[in-house]
S.K.: 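What follows is a structure written as structure tokens; I'll ask about it next.
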There are 2 protein chains.
Amino acid sequence: MKYCSISEASAKFNISESKLRYYEKQGLLTRIERDKAGRRLFSEDQMALLETVLCLKNTHMPISSIKQYMDWIEEGENTVELRLEMMNKHKQAVLDEISSMTDSLKGIDFKITRYSERIQNRKNGEEER
Amino acid sequence: MKYCSISEASAKFNISESKLRYYEKQGLLTRIERDKAGRRLFSEDQMALLETVLCLKNTHMPISSIKQYMDWIEEGENTVELRLEMMNKHKQAVLDEISSMTDSLKGIDFKITRYSERIQNRKNGEEER
DNA sequence: ATACGACTTAAACTAGGGTTTAAGTCAACC
DNA sequence: GGTTGACTTAAACCCTAGTTTAAGTCGTAT
């Protein structure tokens, strides 16, 4: 099995090493092995789990909830229903947030249109002088 | 012209009164009038500006940037280009964020599918006993 | 006139999410 | 064998975005 150092993991996911250490400290990443010098070694499994953590982070799940989810993964097969329920709820929350952002974007687009018109009108006015 | 009290504004936009006060204190809402007892009165113009603030908030623009934008609105016509540029940049940032969230959502959907399968397989296994 | 509810303020406090710091270990090169 | 560079830790610090608190004002109903 291939292992990644913290710098490799950091590069692969484009996330700072300090964040990786922070996530481990917060319990988002567990069972990370160490070499004899005490350096973190990320197994392929760990890298997959990390990718999941980053998906959840990226969709604004709070660290405490991600921790709960990762704890359930650790706990094993009898938490699959809980995990499914959590992911379904989170999916809906993400869809809601995206739709709310898309809505607000319409207001922003309206501003862009109006400002462009104003600038254009000013230019036309100048020509007529 | 019709004026809204803070409680009406709060109800209309479904935002707490303390946030409205906070936004005013941070300079996101300016020139809010007061009645003789010192209570805030939101004009229709103010309500429109507030809606804009909430659009920007909702799309994760930091308070300091929203303040810059509102200051430019106060400053008048000669900041229209700056405002247009800011809105264009922000629009792109929002589109990027939405697309990144949509990407991460695929990972979440994959989990949902896999968990559903595992639960289904378990049920099938039970039937066969 | 007094009690009540809605309103006000500045300032302190909280939570979330990191980053930085201080002090130290290890191993490989010169 | 000593310096260098990558790594480690716990704890302190920082910023953003609010919420809460303490103290007080106003005006209407009783």
Side-chain angles (χ1 to χ4, degrees), chain A residues 3-43 46 50 52-71 90 93-94 97 100-101 104, chain B residues 3-43 46 50 52-71 90 93-94 97 100-101 104:
Chain A
Y3 285 91
C4 285
S5 70
I6 197 168
S7 56
E8 287 166 338
S10 156
K12 177 155 181 181
F13 291 114
N14 194 30
I15 177 182
S16 66
E17 296 182 11
S18 47
K19 275 194 193 179
L20 287 173
R21 293 188 197 108
Y22 175 72
Y23 290 164
E24 186 190 13
K25 198 167 68 167
Q26 298 306 311
L28 272 42
L29 306 170
T30 48
R31 307 179 178 287
I32 294 183
E33 295 172 58
R34 304 296 178 109
D35 67 10
K36 60 185 173 178
R39 291 174 207 144
R40 287 169 183 79
L41 291 175
F42 294 79
S43 69
Q46 293 298 332
L50 174 53
T52 301
V53 167
L54 296 179
C55 265
L56 297 177
K57 270 266 83 220
N58 207 17
T59 48
H60 309 148
M61 183 181 282
I63 284 184
S64 56
S65 307
I66 301 179
K67 170 156 174 46
Q68 172 66 275
Y69 178 69
M70 300 312 279
D71 285 350
H90 183 57
V94 175
E97 186 175 356
S100 147
M101 288 178 78
S104 292
Chain B
Y3 284 92
C4 285
S5 69
I6 197 168
S7 54
E8 287 165 339
S10 156
K12 178 158 182 180
F13 292 114
N14 193 30
I15 178 184
S16 67
E17 296 182 12
S18 47
K19 275 194 192 180
L20 286 172
R21 293 188 198 107
Y22 175 72
Y23 290 163
E24 187 190 12
K25 198 167 69 168
Q26 299 306 310
L28 272 42
L29 306 170
T30 49
R31 307 178 179 288
I32 293 182
E33 294 172 59
R34 304 293 179 112
D35 67 11
K36 60 185 172 178
R39 290 174 209 144
R40 286 170 182 77
L41 292 174
F42 293 79
S43 69
Q46 292 298 333
L50 174 53
T52 301
V53 167
L54 296 179
C55 267
L56 297 177
K57 268 264 87 216
N58 208 15
T59 49
H60 310 146
M61 183 180 282
I63 286 186
S64 56
S65 306
I66 301 179
K67 173 158 174 45
Q68 172 67 276
Y69 178 70
M70 301 311 278
D71 285 351
H90 184 57
V94 176
E97 186 175 356
S100 144
M101 289 178 77
S104 293

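Values in this document were obtained by computation on a predicted structure and should not be read as measured data. So you know, we letter chains A, B, ... as the sequences are listed, proteins then strands, and number each from 1.
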S.K.: With sequence neighbours left out, what residues match B:C4 under side chain to side chain contact (heavy atoms under 4.5 Å, CB included)?
M.R.: B:K2, B:E8, B:F42, B:M47
S.K.: Looking at the side chain of B:K25, which of C:dA11, C:dT9, C:dT19 is the nearest nucleotide?
M.R.: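 So the nucleotide nearest the side chain must be C:dA11.
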S.K.: Just checking B:S7: base, sugar-phosphate only, or nothing, at a heavy-atom cut-off of under 4.0 Å?
M.R.: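 B:S7: backbone/sugar contact only, no base atoms under 4.0 Å.
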S.K.: Can you tell which of D:dA17, C:dT9, C:dG18 lies closest to the side chain of A:Y22?
M.R.: C:dG18
S.K.: Roughly how many Å is it from CD in A:E24 to C1' in D:dT8, rounded to a whole number?
M.R.: 11 Å
S.K.: Would one find a side-chain N or O of B:S18 under 4.0 angstrom from OP1 or OP2 of D:dT19?
M.R.: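 Answer is yes, contact under 4.0 Å.
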S.K.: Where the side chain of A:K57 is concerned, which of C:dA27, D:dG18, C:dG18 is the nearest nucleotide?
M.R.: C:dG18
S.K.: Rounded to whole angstroms, how far apart are CG on A:L41 and P on D:dA6?
M.R.: 18 Å
S.K.: Tell me: CD of A:E8 to C1' of D:dA6, nearest whole Å?
M.R.: 13 Å
S.K.: Check every strand shown and say whether A:S64 touches a base, only sugar-phosphate, or nothing at a heavy-atom separation below 4.0 Å.
M.R.: nothing
S.K.: Give a yes/no on whether any side-chain N or O of B:Y23 is located under 4.0 angstrom from OP1 or OP2 of D:dA17.
M.R.: no
S.K.: Which residue, A:E24, A:E17, A:R39, forms the side chain to side chain contact (heavy atoms under 4.5 Å, CB included) with A:I6?
M.R.: A:E17
S.K.: Could you pull out all residues at least two apart from B:E33 that satisfy side-chain hydrogen bond (donor to acceptor under 3.5 Å, both in side chains)?
M.R.: B:Y3
S.K.: For A:L56 and C:dG17, give me the distance from atom CG to atom P, rounded to whole Å.
M.R.: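 Atom-to-atom, A:L56 to C:dG17, this comes out as 12 Å.
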S.K.: Could you state the atom-to-atom distance from CG of A:L54 to P of C:dG17 in whole Å?
M.R.: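 Taking atom P of C:dG17 as the reference, CG of A:L54 is at 14 Å.
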S.K.: Would you mind reading off the distance between B:H60 atom NE2 and D:dT16 atom C1', rounded to a whole angstrom?
M.R.: 14 Å
S.K.: Within the 4.5 Å heavy-atom criterion, are A:Y23 and A:I66 side-chain neighbours or not?
M.R.: no
S.K.: On DNA chain C, nearest-nucleotide positions of A:Q26 versus A:R39: which is more 5'?
M.R.: A:Q26
S.K.: Indicate whether OP1 or OP2 belonging to D:dT9 is found under 4.0 Å from a side-chain N or O atom of A:R40.
M.R.: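 True: A:R40 side-chain N/O within range (under 4.0 Å) of D:dT9 OP1/OP2.
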S.K.: Return whichever of B:S16 or A:R34 has its heavy-atom-nearest nucleotide of DNA chain D closer to the 5' end.
M.R.: A:R34
S.K.: A:L28 CG to C:dG18 C1': how many Å, rounded?
M.R.: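 So the CG-C1' distance, A:L28 to C:dG18, works out to 13 Å.
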S.K.: Which nucleotide in the set D:dT9, C:dG18, C:dT8 lies at the smallest distance from any side-chain heavy atom of B:I6?
M.R.: C:dT8
S.K.: What integer distance in Å separates B:R21:CZ from C:dA10:P?
M.R.: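 Computing the B:R21:CZ to C:dA10:P distance gives 12 Å.
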S.K.: Measure the CG-CZ distance between B:D35 and B:R40 for me, rounded to the nearest 0.5 Å.
M.R.: 11.0 Å
